[in-house]
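We count residues from 1, following the sequence as given.
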Amino acid sequence: MHTNSNKIDFAGTRKRYLQLGRSAVSIIKGKIEDQELFSQTDVIVNTTNAQLDLGNAGQCSKVISTAGGSSIQAECKLNYPRPLTLGDVAVTTSGDLKSSKVFHVYLPKWKQKGDEQNLETTVTACLEQMEMLSLKSIAFPALGTHCLNYCPYKVINALFDAVEDYNNKHSTTVVENITCVIFQEQMYQTFVSEAKKRSRLLAGNQKIQASGGTKYLNTNIQILVGDLVLQQADVLVYSSPHNMKLITGTGLSTEILKSAGSDIQDELNRMYNEVVECGTFAVTDGYNLRCSKVYHGYLPSFYGRNKRPERVLSTFVSKCLNKANEHKAKSVVFSALGSGMLRYPNDVAASAVIKGIQAFLSCTWTCSSIDNIKIVVYGGDSNHSKIEKTYHSELATINSVKDTLNQPIPRRGTKEYFYFKYNEDPRPPTNWSFFKSFRTIKDWSKERRSTDPPKKVQIDKDTFESIKQLFMKTIKNPSAKIKSITRNENLNLYLKYFQRCQELYRKAIVNGPCKPLAKPVLTMENLNCQMRRVLERDINEVYLFHGTKQDRVKVLLRNGFDERLASMNFRTLRLGNGTYTAEEASLSAHYTEKQGVRTMFLVRACLGDVFRTKDDQTLLKRPPCKKMCKKICTKHDEFFDSVLGEFCPREFVVYEKAQCYPEYVIKYTL
């Protein structure tokens, strides 16, 4: 059973929790008179005789009377002159003790089967008294196990039954924390064993409720409330101490050690003698656990040195799933990572874990062996219902993404397809590798600040070779050498480009697809099919070259092109004031540096309906209207979307900055 990291550990012994409604039942090993315990608890329960003669009652009563001082006995005599009966609760102040109150109860000896009901009656009476006094926390001794002959396992189960029944009848109870303090080791182990059985029962009930899960692509994702060490799976994943010494951790790491046995620590010792890197994990066998492998992860705390710990967590989840896929695992179970000692806010931790799962599945769903992923929220955590609810909220988000990704796409060129594209949520292109298309641009942008620079991404080998071949074929200079090709992944800039493309689809709904060019664009003929496939031919989307000076590269990558500045750079512009692109690298090379390393963009351009001309038209500030007015038209509302200068070589011009996106950056020398 796990620990709730927000609670205090007494006498070096980890608290163990079982959540029953709004009340968390804890079992600790310690003494009922422990002053540190009193400082954390509103009420201490004292089992005594009917006459409230504390000094002549059992061991618990004597200890409390001694530690609290004579004022407790005096208060009992003053306020309770008559003997107590079963179900009575005598309430006094705590004297020198640090708790707020002491509840004195009378419990008759166990004589026959059925007397354990006395325990439930006593516990219920204490809870009702707490409700009347608006008190939140209470500590019980091992009721009746010393001189009253009650069986320990019946005592703890009576406590569980009474608390569960009380919560079922009082769904808004103020009682939050119920602690059972056990001094004797064997009895402590008995109480813990019964608590684990109850935890398994609760986990089993939760499994039935959550058995359907959420189907994302080919994998079922489930949120369960239970205990990780009791789960059966190919791989278990949890957050361990950074030094991989399980005994030095709190909560789950010590449970892993106890359940798996010492062999798991021996294997860790053989592999990791030093601190491992943050965000990585060690892999061991499962030993006595119900799994084949255990991934022991080292994760940053939320308030540590790492500036974006949620990114580390999300990447960690993806790495674990990739490794599990290498191991041919079919089922992977995660603990609710970050929700304990690492102190992540519930929504941040849940979001990071689900994003990590999404990232893995979206990249590998056609070749993944993993059929089932579970996230186990510990049922003994007093905060477990909030954590569970947060994960389900995140799964609702993944459901909406899944539905969008899996809905059938109409056939290209049809009006249904144009409606589909016009209504589509803006997403990164499918060929991007950092900002992946399984999430919307809006969702990606939630994690980024406006001041964050665009991502400069290394491209895959096939894309590199395709662009290199196109460049070398059209640069017309055998001495050209490419130094690097990177992809510019700029969410804000691409969003504007995406929205401009949607405007063209809106026009296509009425007018049909844009008329293709009579002579195909040279760049498109020389790129591989993988790069051509990501473009939309219905709106004449193409790749084209654009050359620029080195000092303008950064601002163009961040802010895009600005057609208003074109006239500032050149005295005369053959096709007016716009953004110029070319299908041949040799033309764009004229606008780069004259020596040293030069820069050229391979841009996406949605040309739409193209106006073709063989003449200079230096006064253009936007494409001509479709009625072909000689001067700038102010009468008609149908215009071309771009202009093609059929010179030698050809030039393509757009007059809105959003109509071009600088996607690839080519560094080269001549």
Between K355 and S351, a side-chain donor and acceptor under 3.5 Å: yes
With F316 via ring pair (Phe, Tyr, Trp, His ring centres under 6.0 Å) - residues at least two apart: F281
Donor-acceptor contact present, side-chain Y295 to main-chain T280, <3.5 Å: no
Residues K293, D285: salt bridge by 4.0 Å N-O rule: yes
Contact summary for G95 and I72, nearest pair of heavy atoms: N-CG1, 4.0 Å
C76 and T92, any side-chain heavy atoms less than 4.5 Å apart: yes
Contact summary for A260 and N288, nearest pair of heavy atoms: O-ND2, 3.1 Å
Evaluation steps, side-chain contact (heavy atoms from CB on, under 4.5 Å), between F140 and V181: CA-CA 6 Å; F140 288 92; V181 185; over 6 Å; no
Interatomic distance, L321 atom CG to F360 atom CZ [nearest 0.5 angstrom]: 5.0 Å
Donor on one side chain, acceptor on other, N346 and K389, under 3.5 Å: no
Distance, nearest 0.5 Å, that separates CG of L228 from NZ of K374: 10.5 Å
Qualifying side chain to side chain donor-acceptor pair (under 3.5 Å) pairs with a residue from residues 67-78, counting only residues at least two apart or across chains: E75-T93
Atom NZ of K62: over 12 foreign heavy atoms under 6.0 Å: yes
K330, NZ atom: more than 12 neighbouring heavy atoms under 6.0 Å: no
Least distance between heavy atoms, L143 atom then V155 atom: O-CG2, 3.3 Å
For F334, ring pair (Phe, Tyr, Trp, His ring centres under 6.0 Å) partners two or more places apart: none
Closest heavy-atom pair and its distance - C180, I182: SG-CD1, 3.7 Å
Which atom of G279 lies closest to which atom of V312, heavy atoms considered: CA-CG1, 3.7 Å
Minimum heavy-atom distance A233-L236, with the two atoms named: CB-CD2, 4.4 Å
Ring pair (Phe, Tyr, Trp, His ring centres under 6.0 Å) involving Y344 - partner list, sequence neighbours excluded: F302
Side-chain heavy-atom pair V43, V102 within 4.5 angstrom cut-off: no
More than 12 heavy atoms from other groups under 6.0 Å of OH on Y287: yes
Point-to-point distance, once rounded to the nearest 0.5 Å, from OG of S292 to CD of Q232: 9.5 Å
Between side-chain atoms of residues 120-133 and protein atoms elsewhere (two or more places apart, or another chain), which donor-acceptor pairs fall under 3.5 Å?
from: T121; atom 1: OG1; to: Q117; atom 2: O; distance (Å): 3.0
from: T122; atom 1: OG1; to: N118; atom 2: O; distance (Å): 2.9
from: T124; atom 1: OG1; to: E120; atom 2: O; distance (Å): 2.8
from: E131; atom 1: OE1; to: Y166; atom 2: OH; distance (Å): 2.8
from: E131; atom 1: OE1; to: T173; atom 2: OG1; distance (Å): 2.7
from: E131; atom 1: OE2; to: V174; atom 2: N; distance (Å): 3.0

4.5 Å side-chain heavy-atom contact, I64 and T66: no
Side-chain donor-acceptor contact under 3.5 Å, Y106 with Q51: no
Residues R270, D266: salt bridge by 4.0 Å N-O rule: no
Euclidean distance, K29 NZ relative to Q189 CD, rounded to 0.5 Å: 9.0 Å
H327 atom NE2, over 12 foreign heavy atoms within 6.0 Å: yes
Polar side-chain atom of Q265 near backbone of L257 as donor-acceptor pair, under 3.5 Å: no
N-O pairing of E388 and K386 below 4.0 Å: no
Check: S99 main-chain N/O paired with S94 side-chain donor or acceptor under 3.5 Å: yes
Spatial distance of atom CG (L159) from atom CD1 (I178) [nearest 0.5 Å]: 6.5 Å
Contacts of S262 that satisfy side chain to side chain donor-acceptor pair (under 3.5 Å) - sequence neighbours left out: none
Straight-line distance of C151 SG to W110 CH2, nearest 0.5 Å: 8.5 Å
Beyond-backbone contact of N46 with L54, side-chain heavy atoms, under 4.5 angstrom: yes
S23 versus N167, side-chain donor and acceptor atoms under 3.5 Å: yes
E185, CD atom: more than 12 neighbouring heavy atoms under 6.0 Å: yes
Whether S61 side chain and G58 backbone form a donor-acceptor pair below 3.5 Å: no
Donor on one side chain, acceptor on other, N325 and N322, under 3.5 Å: no
Q184 and Y188: CA distance, side-chain angles, deciding distance, side-chain contact (heavy atoms from CB on, under 4.5 Å) verdict: CA-CA 6 Å; Q184 202 269 336; Y188 170 73; over 6 Å; no
